[in-house]
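Here the structure is laid out as structure tokens; the discussion comes afterwards.
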2 protein chains.
Amino acid sequence: MATMQRLQNTGLELFYAQGYYDTSIDDILKKLDLSKGAFYYHFDSKEDYFIQIIQNLLARKIYSTLIEPIEGHDNPLTLITKCFDDAMETAVHNEMDYGCILSNFLTEFNGKNEVIMRHLNEIVTVWEVNLVTTLQKGKFNGYLDRHVDCEAAATFLMSSYFGVRTLMTSAAPSAKKYRFMSQLRQYFKSIEAKSVNS
Amino acid sequence: MATMQRLQNTGLELFYAQGYYDTSIDDILKKLDLSKGAFYYHFDSKEDYFIQIIQNLLARKIYSTLIEPIEGHDNPLTLITKCFDDAMETAVHNEMDYGCILSNFLTEFNGKNEVIMRHLNEIVTVWEVNLVTTLQKGKFNGYLDRHVDCEAAATFLMSSYFGVRTLMTSAAPSAKKYRFMSQLRQYFKSIEAKSVNS
DNA sequence: GGTAAATCCGACCATGTGGTCTCTTTATAG
DNA sequence: CTATAAAGAGACCACATGGTCGGATTTACC
């Protein structure tokens, strides 16, 4: 694999596990057995490096795990349930889970680096727009109750997912997942379309 | 005010705003016009310093904003609604809001400092226990539906609160708050006791 | 007033950081 | 084979960090 790819992959891995500010370039280079020269040949600075990682790896990762799985014409509530379940199941089985990578970076850079924050917020916006659209389509197709505020539901869903991934890192991730999913279903039941054949 | 108190207060302030690892002791000392000698007279190390801040300030802060307000014999759903609303309203009006302080520190120290994580998780547990107890009491008093899983509801509530506070830091905190609260009420409506006088 | 303890000062140290620069190696093309 | 550019090595720099230490200053108490 090309050096540049290896640098980005290892960078994302370490930044996720240890945080951006607590991971030195030397850490990454040591792990890959590379030198400063190799790094600064491919990237202008640590910040430039991270921004490329965001665009090349993080954005795709979020897309493939949280956005693409909820696309389709089926019941959005079913799709979202399965999507969250899968994402959390992956986390449960990952002994090196440090929470939602996007949420973690949002927390770390908030108020510290506006440039990076803009790139991260862009990903958040894409997710939000897709969620809202999917929910609206679901409403149009008769899966959701007519009175549902789709923007509000999207915010609620994103919030709860970010939060539960943080909570899961503390203790008993499997139990946390189970409890979360049960209440997510409860919430979904309250916004789904009321049965017409009464 | 005593030097030790000033150090702790300013420390919490800066650690919250900039993060623990990105705030140097010199930053804090400069702001207070103190010297290294003063600092290391009162504290053994940066870590010891932070642990004392957790126990003396952070724990009380969480207690007074998230735990104490939901104590009482009224409808717990009403109390929690008001508690979250108040906490988020404070955040909205604070131009220097960086999300839920507890959630932020959990994210920052996860996988990096086990000692500090234990102290933080202790606070999380206290919050959780109080929430569960309050919900169970509410169920006993006929405010919640008999079938509600109180542990699950508590996890769901903590998750969503952590998450929305993270989301609020990105953009449009007021709108996020409004949307979140509307769906929280929706969720609460689905777990409240069904009307008896049918 | 004197003494001792509490409090604080600030120079200093070892270490680690992001980043630069010169030089060497390796591939590519004619 | 050779000229040329891409790719990488690693010594080096300026600076920041957590922490130490001997000394100065203030406070409390007899």
Side-chain angles (χ1 to χ4, degrees), chain A residues 1-57 104-105 108-109 111-117 119-120, chain B residues 1-57 104-105 108-109 111-117 119-120:
Chain A
M1 189 169 38
T3 301
M4 197 161 167
Q5 299 297 322
R6 296 173 61 217
L7 277 170
Q8 293 190 22
N9 286 328
T10 304
L12 182 60
E13 202 178 302
L14 290 187
F15 287 148
Y16 170 55
Q18 312 178 21
Y20 175 83
Y21 291 106
D22 208 35
T23 302
S24 70
I25 297 174
D26 282 331
D27 287 342
I28 296 156
L29 295 174
K30 197 182 292 173
K31 186 157 183 179
L32 290 176
D33 213 32
L34 286 173
S35 66
K36 278 273 174 69
F39 182 87
Y40 281 97
Y41 174 77
H42 290 288
F43 304 100
D44 292 342
S45 65
K46 193 185 180 185
E47 180 176 316
D48 166 59
Y49 173 51
F50 188 68
I51 291 176
Q52 292 208 37
I53 289 179
I54 294 178
Q55 294 177 328
N56 293 330
L57 300 180
N104 287 6
F105 286 144
E108 178 164 14
F109 290 104
K112 283 180 219 156
N113 188 317
E114 275 196 45
V115 181
I116 291 183
M117 277 304 280
H119 285 90
L120 294 173
Chain B
M1 190 170 38
T3 301
M4 197 162 167
Q5 299 296 322
R6 295 174 61 217
L7 277 169
Q8 294 191 23
N9 286 327
T10 305
L12 182 61
E13 201 178 303
L14 290 187
F15 287 147
Y16 171 56
Q18 312 179 22
Y20 175 83
Y21 291 107
D22 208 35
T23 302
S24 70
I25 297 175
D26 282 331
D27 286 343
I28 296 155
L29 294 174
K30 197 182 294 173
K31 185 156 182 179
L32 290 176
D33 215 30
L34 285 173
S35 67
K36 278 274 174 68
F39 182 88
Y40 281 96
Y41 174 78
H42 290 289
F43 305 100
D44 292 341
S45 65
K46 194 185 179 187
E47 178 175 317
D48 165 60
Y49 173 51
F50 188 68
I51 291 175
Q52 293 208 36
I53 289 179
I54 294 178
Q55 295 177 327
N56 294 329
L57 300 181
N104 287 5
F105 286 144
E108 180 164 15
F109 290 105
K112 284 180 219 157
N113 189 317
E114 276 196 44
V115 181
I116 291 183
M117 276 305 280
H119 285 89
L120 293 174

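In the text below, chain A, chain B and the rest are named by the order of the sequence lines, each starting its count at 1.
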D:dA7 OP1/OP2 closer than 4.0 Å to side-chain N/O of A:T3: no

State whether A:S24 places a side-chain N or O below 4.0 Å from either non-bridging phosphate oxygen (OP1 or OP2) of C:dG16. no

Can you measure B:F39 atom CZ to C:dA6 atom C1' for me and round it to whole angstrom units? 18 Å

Expressed in angstrom and rounded to an integer, what is the separation of B:F43 atom CZ from C:dA6 atom C1'? 15 Å

Between CG of B:L32 and P of C:dT7 the distance, given in whole Å, is 17 Å

In this structure, how many angstroms lie between the P atom of C:dT17 and the OH atom of A:Y20, rounded? 13 Å

Rounding to a whole Å, what distance do you find between B:L29:CG and C:dC8:P? 12 Å

Once you round it to whole Å, what is the distance between P of C:dC8 and CG of B:D26? 17 Å

N/O (side chain, A:Y41) to phosphate O (OP1/OP2, D:dG8) under 4.0 Å: no

Every protein N/O lying under 3.5 Å from an N/O of nucleotides 9-12 of chain C:
residue : atom : partner : partner atom : Å
C:dC9   : OP2  : B:S35   : N            : 3.1
C:dC9   : OP2  : B:S35   : OG           : 3.0
C:dC9   : O5'  : B:S35   : OG           : 3.4
C:dG10  : O6   : B:G37   : N            : 3.0

How many angstroms lie between CG in B:D27 and OG1 in B:T10, if you round to the nearest 0.5 Å? 11.5 Å

Would you say D:dA6 has OP1 or OP2 under 4.0 Å from some side-chain N or O of A:H42? no

Any side-chain heavy atom of A:Y49 within less than 4.5 Å of one from A:H42? no

Student check: side-chain heavy atoms of B:L29 and B:L7 closer than 4.5 Å: yes

Ignoring hydrogens and angles, tell me if any N or O in the side chain of B:N56 forms a donor-acceptor pair with the backbone of B:Q52 under 3.5 Å. yes

Please answer whether the main-chain N or O of A:Y20 pairs with a side-chain N or O of A:E108 as donor and acceptor at a distance below 3.5 Å. yes

Is a side-chain N or O of B:N113 found less than 3.5 angstrom from the main chain of B:F109, in a donor-acceptor match? no

Specify the separation, in whole Å, of atom CD1 of A:I28 and atom C1' of C:dT17. 12 Å

Give the rounded distance in Å between these two atoms: CE of B:M4 and C1' of C:dA6. 13 Å

So, for B:K36 and B:I25, which heavy atoms are closest and what is the spacing to 0.1 Å? CE-CG2, 4.4 Å

